[in-house]
Amino acid sequence: MPSKSSARLAALTVAAVCAASTITLTSPAHAESVRIHDIQGDTRTSPYAGQQVTDVAGIVTGVRTYGSSRGFWIQDPAPDADPATSEGVFVHTGSTPQGVAVGDALTVSGTVSEYVPGGTSSGNQALTEITRATFTVVSSGNPVPAATRIDARSVPAAYTPAGDGAANGSVNALPLRPDRYALDFYESLEGMNVQVSDTRVVGATDPYTELWVTVKPKENRNDRGGTVYGSYDDRNTGRLQIQSLGRAADFPDANVGDTLAGTTAGPLDFNQFGGYTLVASELGTLESGGLRRESTRAQRSGELAVATYNVENLDPSDDTFAAHAEAIVGNLKSPDIVSLEEIQDNNGATDDGTVAADRTVARLIDAIEAAGGPRYDWRGIDPADKADGGEPGGNIRQVFLFDPERVSFTDRAGGDATTPTGVTKVRGKAALTVSPGRVAPGAEAFANSRKPLAGEFVFRGRTVVVVANHFASKGGDQALTSQYQPPSRGSETQRHLQAKEVHDFTAKILAAQKNAAVVVLGDINDFEFSTTTKILEGRGTLWSAVKSLPRSERYSYVYQGNSQVLDQILISPSIRRGGSFTYDSVHLNTEFHDQISDHDPQILRFRP
């Protein structure tokens, strides 16, 4: 009669074989017994990719029982002397792995595969895995291999080598140099048990129970605890995503500037939505950094206050109207003009041909008044159904709110979804042919994208032309951790065309009236140092006023732990030369786990 332990081992082997038998197998090349570091090799892809390996030994360091990528990590407790070769690997089982626990010593047989999160078209790096696996537990209760420490001293300052031009810029085949490049360092630890200690949060907890920390506390830090992204060449090498192997309910609700005190440890993974990720079996204790939402000052009587605010797909079914109203009244101090982006139609994502958004806007105006703000008036133009991109059925658009006690709107009839506004002269001054009107709605630049909304306002007898924008998103760009270096930013092509259209429209206004007051604002979806912004600015036509702020304060959005500029307010020369403007990026959303929008509003105050 076999012993209980022998029976358990046999059962585990049989169970694993049965689980694998549901997968259609090819006939891969066969490799004799190898070690994990042999499988990982000293490049990003395995020299054994596509081959069958047998009796790969390791100790289980983590088990993932949720999501589409279920399985477990194993690590060789006897590493080689090469720092470029990882000692850990993920064993993909597809379904919840049965009969395996952390601390089990086992042998695994299966096919070495290179899994590209997001698919090969994403450009992401591949994750080396053992798939179609069978395994045998040799013993249980073994010590887990000690976690490799990731800290400011171990992560190099350089981010990545340039890719191989003969391989379309891929770094996959380049030998890893973990002592020189940050991405090589992280790749050399793929699948291994790693740890960080006392790390500052630089990306708040999101709905998917992920957050971002930095292991380099001084790297481009700002006063609020974030890490500022200020150029394409400085990608902030200390950033690392944290997930958890535990229950979602136990994951901390962290804000930027908080600290994960003590040790956070677990296997180092690579995923589609963040690249290198510490999947924590041990989470540090959250310590609050005391971050508070910012408020700007109120405009003075002679100042015109103009703001831009992306309210993230707002429609009448949302429960955020009161919170947005409080942001506009309490944090922005009731600007005279507010450009709103992502106002959806009256039934949101329901795709039934509805394009009107009067109910959406009315709810917000009522909420603002209830919060103690002014009774705003508004102007906007309904888009053609499904012609402006965004969430299907939502028909997002820009809308102007304005305080009629402080500002008047100059209405010129004729604006609709497809009629472009132009520039003319009225009594020697530049004027729009239709107001409100859309800028170049038929141009290729705005195909399946939001069309700019232009309007004429009068403040204390001075006309101010405001152009509200929501440029094409960065969706589809390759990640900073892409296998292609430098990564491709293909979405820029449309934004460059959009920037050119808006610049040229603005130039026509200034050609008609050299000292015209023009404000171009909105969700530009690009950085203040980007080519998009340079095209929009032109040669002295406009200037992005966010650049009046210190570099550490220039951000309106936090993405993967990088605090960066996406929302901008650009001004014409007469406003800039006046020297009386003030600019504020009001941080009340993007650094917080309970944000009501993923963007921070921007506000400009000036004397026309």
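Given the structure is predicted, the values throughout are model-derived calculations rather than measurements. Heavy atoms only: backbone and side chains are in, while hydrogens, waters and symmetry mates are out.
Going from atom CD of Q478 over to atom OG of S491 covers 11.0 Å, rounded to the nearest 0.5 Å. Remark: N589 CG to Y557 OH distance equals 11.5 Å, nearest 0.5 Å. The line from CD of E294 to CD of E591 is 7.0 Å long, rounded to the nearest 0.5 Å. For the atom pair NZ (K508) and NE2 (H503), the distance works out to 11.5 Å, reported to the nearest 0.5 Å. How far CG of L364 is from CZ of R359: 14.0 Å, rounded to the nearest 0.5 Å. A distance of 10.0 Å separates CD1 in I337 from OH in Y376, rounded to the nearest 0.5 Å.
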Go through Y555 and Y229 one step at a time and tell me if the ring pair (Phe, Tyr, Trp, His ring centres under 6.0 Å) criterion holds. CA-CA 8 Å; Y555 62 97; Y229 182 59; over 10 Å; no

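With a 6.0 Å radius and a threshold of 12 heavy atoms from other residues, nucleotides or ligands, Y208 has its OH atom at or below the threshold.
Using modelled atom types and a 3.5 Å distance limit, the side chains of D567 and S556 yield a donor-acceptor pair. Side chains of T237 and E219: a donor-acceptor N/O pair is present below 3.5 angstrom, by distance only. Under the 3.5 Å distance criterion, with hydrogens and angles disregarded, a donor-acceptor pair is assigned to the side chains of N395 and D385.
Legend: residues meeting side-chain hydrogen bond (donor to acceptor under 3.5 Å, both in side chains) with S339, ordered by chain and number and at least two apart, are E341. N331 is linked by a side-chain hydrogen bond (donor to acceptor under 3.5 Å, both in side chains) to S295, counting only residues two or more places apart in sequence or in another chain.
Side chain of S435 to main chain of T410: a donor-acceptor pair is present (N/O by atom type, distance under 3.5 Å, no hydrogens or angles). Under a 3.5 Å cut-off, the side chain of E342 and the backbone N or O of N313 do form a donor-acceptor pair.
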